[in-house]
2 protein chains.
Amino acid sequence: MMKSRRRATSFDVAALAGVSQSAVSRAFSPQSSIAADTRARVLDAARKLDYVPNRIASSLTTRRTNIVAVIVGDMANPFYVQALHCIGRSLQAQGRQVLLFTLDRDASADDVMRRVLQYQVDGVVLTSARLSMRMTGRSLDRGVPIVLFNRYIPGHDAACVRCDNVHGGGLIASALLAAGGRRFAMITGDPGATTSQDRVRGFVTHLAQAGVAPEDIAEACGHSTYEGAAAAALALFDRPRRDWPDALFCINDIMALGAMDVLRARLGIAIPDALQVAGFDDIPQAAHLSYRLTTVAQPVDAMVAEALALLHLDGPARHIERAIDRALPGHLVVRATLRPPGG
Amino acid sequence: MMKSRRRATSFDVAALAGVSQSAVSRAFSPQSSIAADTRARVLDAARKLDYVPNRIASSLTTRRTNIVAVIVGDMANPFYVQALHCIGRSLQAQGRQVLLFTLDRDASADDVMRRVLQYQVDGVVLTSARLSMRMTGRSLDRGVPIVLFNRYIPGHDAACVRCDNVHGGGLIASALLAAGGRRFAMITGDPGATTSQDRVRGFVTHLAQAGVAPEDIAEACGHSTYEGAAAAALALFDRPRRDWPDALFCINDIMALGAMDVLRARLGIAIPDALQVAGFDDIPQAAHLSYRLTTVAQPVDAMVAEALALLHLDGPARHIERAIDRALPGHLVVRATLRPPGG
DNA sequence: CCGCGCTTTGCATACGTATGCAGATTTTCA
DNA sequence: TGAAAATCTGCATACGTATGCAAAGCGCGG
């Protein structure tokens, strides 16, 4: 059976059902004023013609595309994949979809933002550390709601949802102290990312209260990647054995995996006996039996729900949040990379 | 400075530049017939008004959205994340975007496909094993090009790009034999997935040629997940120690990680000394020092390039490929989970 | 039987851009 | 210099749907 070349439109359905095009439109919009039997007749005709409403066309008049742009900075970090997955699920449950933008190293902010705006998205979720400022500016100027996911811009008034990273850093410091850590080290992420800065700050501040001077905490930058962290870990241990750290905080899990792997494989360091390790994020791999990483779990579901709520996708009038900064608390997940306290 | 509430349209730009709306449209389309200085004047006015062409509106007349739907069945498998990332990068380089559809366990094929069709996408890339048949049917009926990524449907004529899984299974069999494997075992994936079936077939066939009877190969289903594989691995070793397998093929890497983790942690099995393990896919984690997994690398970049080419997104007339089945060869990546041959 | 209110329907138009066509302008060549 | 060719521009319309408005149909109470 050969289908007609042209796709059926609401006019075709209207003709078959013996109603006007308006009736077809109303039949497909739940809250419209239309008689039950008319709707049934229309849906029946639509089925016969294999008609599917054209959302692109409808978005012209409704001024809503039901599309949300998600800009992912680092697809190599499972945490952001997890966040993307969660965002996609939530939006799909609302009848909306994700338009995905991945950001390459050399991507220009203006370039990405121009593409986002061309697609008339209803909102933007930005998970990229880099380029945030210029992108949020253009988005807000054009009346497109944007929410920063897990990062913020100090001088700027864009809405932001994040884990309380300072608090989380403190949780890690507290756990490492309780487990008997004495010589502390950190592997930090992208230096420009507030995520990294805040976790470091929470960690250092809490240690300071326990009498550990900041200058006694060894530090190396792992650039938020597995490989970068492996290199950083080796750098931290490039010193006499008696000065080796015995407690290491990696500001995210993916770096903790890199550090653990290289330290065990290259230097034969036993974890947690010779070195205690903690991460941040609670990515799926942190629970794997090769790592059993102690970490701070981010409340991803709640963060996503909050972020999408701040976009105000429902409701007739578009309201843009300003100067919102929601910090949700994470919680410590204790696994096997710390010694039991008092053990 | 307060921006006007309404976004600037091509008419606004036209008025400011003193030209017609058509001229504005042409100024933004590279191959249009327009004088250089007119274009410059238009672009200048556009910049002043912060005008961005509305791609949604333009797609109404061009009948192209420059959007490709990507349906991801399993976001928990890093291989598909990697594929998604690669697809996104390639499309963005062509000025197109990915509209992401994630498939939950309980998602209905009709439901997802209806949403795909509503958005008038220019093409569909389907990476989900389940539901493939009904989805491809509806897509093709409506003239939307669809390509199955790394799976195919035997009775169906949709285009398909995949790794040569039979060949890859043979590579693994060959490597395990050369490394001295004697008692073989497999952890299989989703029973309905051709990906799993083909890899198993290649593996079993190759072993048979070497004199290993299929019924001597132990088998358990890991359902393509880390956790499922861990359970399957324990089941395979739930027998007298002298009957334990010494060569294990997991039909994808994520399951190999699960199997290795549980066998080492729970049963204390040394890899590769007591057990040799191989996977398939070459996900990033396979290279991590905790695993150093021998596996078959899929040529993801080439597969994605081929898949997108089959959609025929360029060119004026939409041509739909039928009955295409491209199988690209993978290559063995030897790491530390096999003993060196002759060692 | 009349008038009021409620529901349902169709008409007309708007959304923002692309493009065929014809007219206008410039260039080319004899 | 003139005519033909080439280039550029604007007009008008189409793409597919949503919705304000008014008209029509209906039920109900007086």
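Worth knowing before you read on, the calculation uses all heavy atoms, side chains too, and leaves out hydrogens, waters and symmetry mates. Naming: A, B, ... by sequence-line order, numbering from 1 per chain. Being a predicted model, the structure only gives us computed values, none of them experimental.
- In the set C/dC15, D/dC15, D/dT17, D/dC15 carries the atom at the smallest distance from any side-chain atom of B/T61.
- Residues that satisfy the salt bridge (charged side-chain N to carboxylate O under 4.0 Å, His left out) test with A/D122, not counting sequence neighbours, are absent from this structure.
- In terms of the salt bridge (charged side-chain N to carboxylate O under 4.0 Å, His left out) criterion, B/D74 has no residue partners (sequence neighbours excluded).
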Pairs: protein N or O with nucleotides 9-11 of chain D N or O, under 3.5 Å:
unit_1 : atom_1 : unit_2 : atom_2 : d
D/dT9  : OP1    : B/T38  : OG1    : 2.2
D/dT9  : OP2    : B/A35  : N      : 3.0
D/dG10 : OP2    : B/S20  : N      : 3.1
D/dG10 : OP2    : B/S20  : OG     : 3.1
D/dG10 : N7     : B/R26  : NH2    : 2.7
D/dG10 : O6     : B/R26  : NH2    : 3.0
D/dC11 : N4     : B/S22  : OG     : 2.9

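- In this structure B/Y51 satisfies the ring pair (Phe, Tyr, Trp, His ring centres under 6.0 Å) test together with B/F28, sequence neighbours excluded.
- With sequence neighbours excluded, no residue forms a salt bridge (charged side-chain N to carboxylate O under 4.0 Å, His left out) with A/R41.
- In this structure, the CZ atom of A/R64 is 17 Å from the C1' atom of D/dT17, given to the nearest Å.
- A donor-acceptor distance shorter than 3.5 angstrom exists from the side chain of A/R39 to the backbone of A/A27, with no hydrogens or angles considered.
- Among residues two or more places apart in sequence or in another chain, the salt bridge (charged side-chain N to carboxylate O under 4.0 Å, His left out) test is passed with A/R114 by A/D111.
- Residues meeting the side chain to side chain contact (heavy atoms under 4.5 Å, CB included) test with B/S25, sequence neighbours left out: B/Q21.
- Note on A/Y119: every side-chain N or O is 4.0 Å or more away from OP1 and OP2 of C/dG16.
- Residue pairs that meet the ring-ring contact (aromatic ring centres under 6.0 Å, His included) test with at least one member in residues 75-118 of chain B, sequence neighbours left out, do not exist here.
- Here B/F28 lies out of heavy-atom contact (under 4.0 Å) with every strand.
- OP1 or OP2 of D/dG16 has at least one side-chain nitrogen or oxygen of B/R63 nearer than 4.0 Å.
- Atom CZ of B/R7 is separated from atom C1' of C/dC15 by 13 Å (rounded to the nearest Å).
- Across its full length, the helix from C/dC1-D/dG30 to C/dA30-D/dT1 shows an angle of 30° between the axes of its 5 terminal pairs at either end, rounded to 10 degrees.
- Atom CG of A/L60 and atom C1' of D/dT19 are 14 Å apart (whole Å).
- Within 4.0 Å of B/S25, counting heavy atoms only, lies at least one base atom of the nucleic acid.
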**Study point:** Worked check of side chain to side chain contact (heavy atoms under 4.5 Å, CB included) between B/L84 and B/L100
**Key:** CA-CA 9 Å; B/L84 171 63; B/L100 179 64; 4.0 Å; yes

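- One finds no side-chain N or O of B/S10 lying less than 4.0 angstrom from the OP1 or OP2 phosphate oxygen of C/dG16.
- Atom CD of A/Q120 is separated from atom C1' of C/dT17 by 11 Å (rounded to the nearest Å).
- Rounded to whole Å, atom C1' of C/dC15 lies 13 Å from atom CG of A/N54.
- When the C1' atom of C/dT17 is taken as reference, atom CD1 of A/I56 falls 14 Å away, rounded to whole Å.
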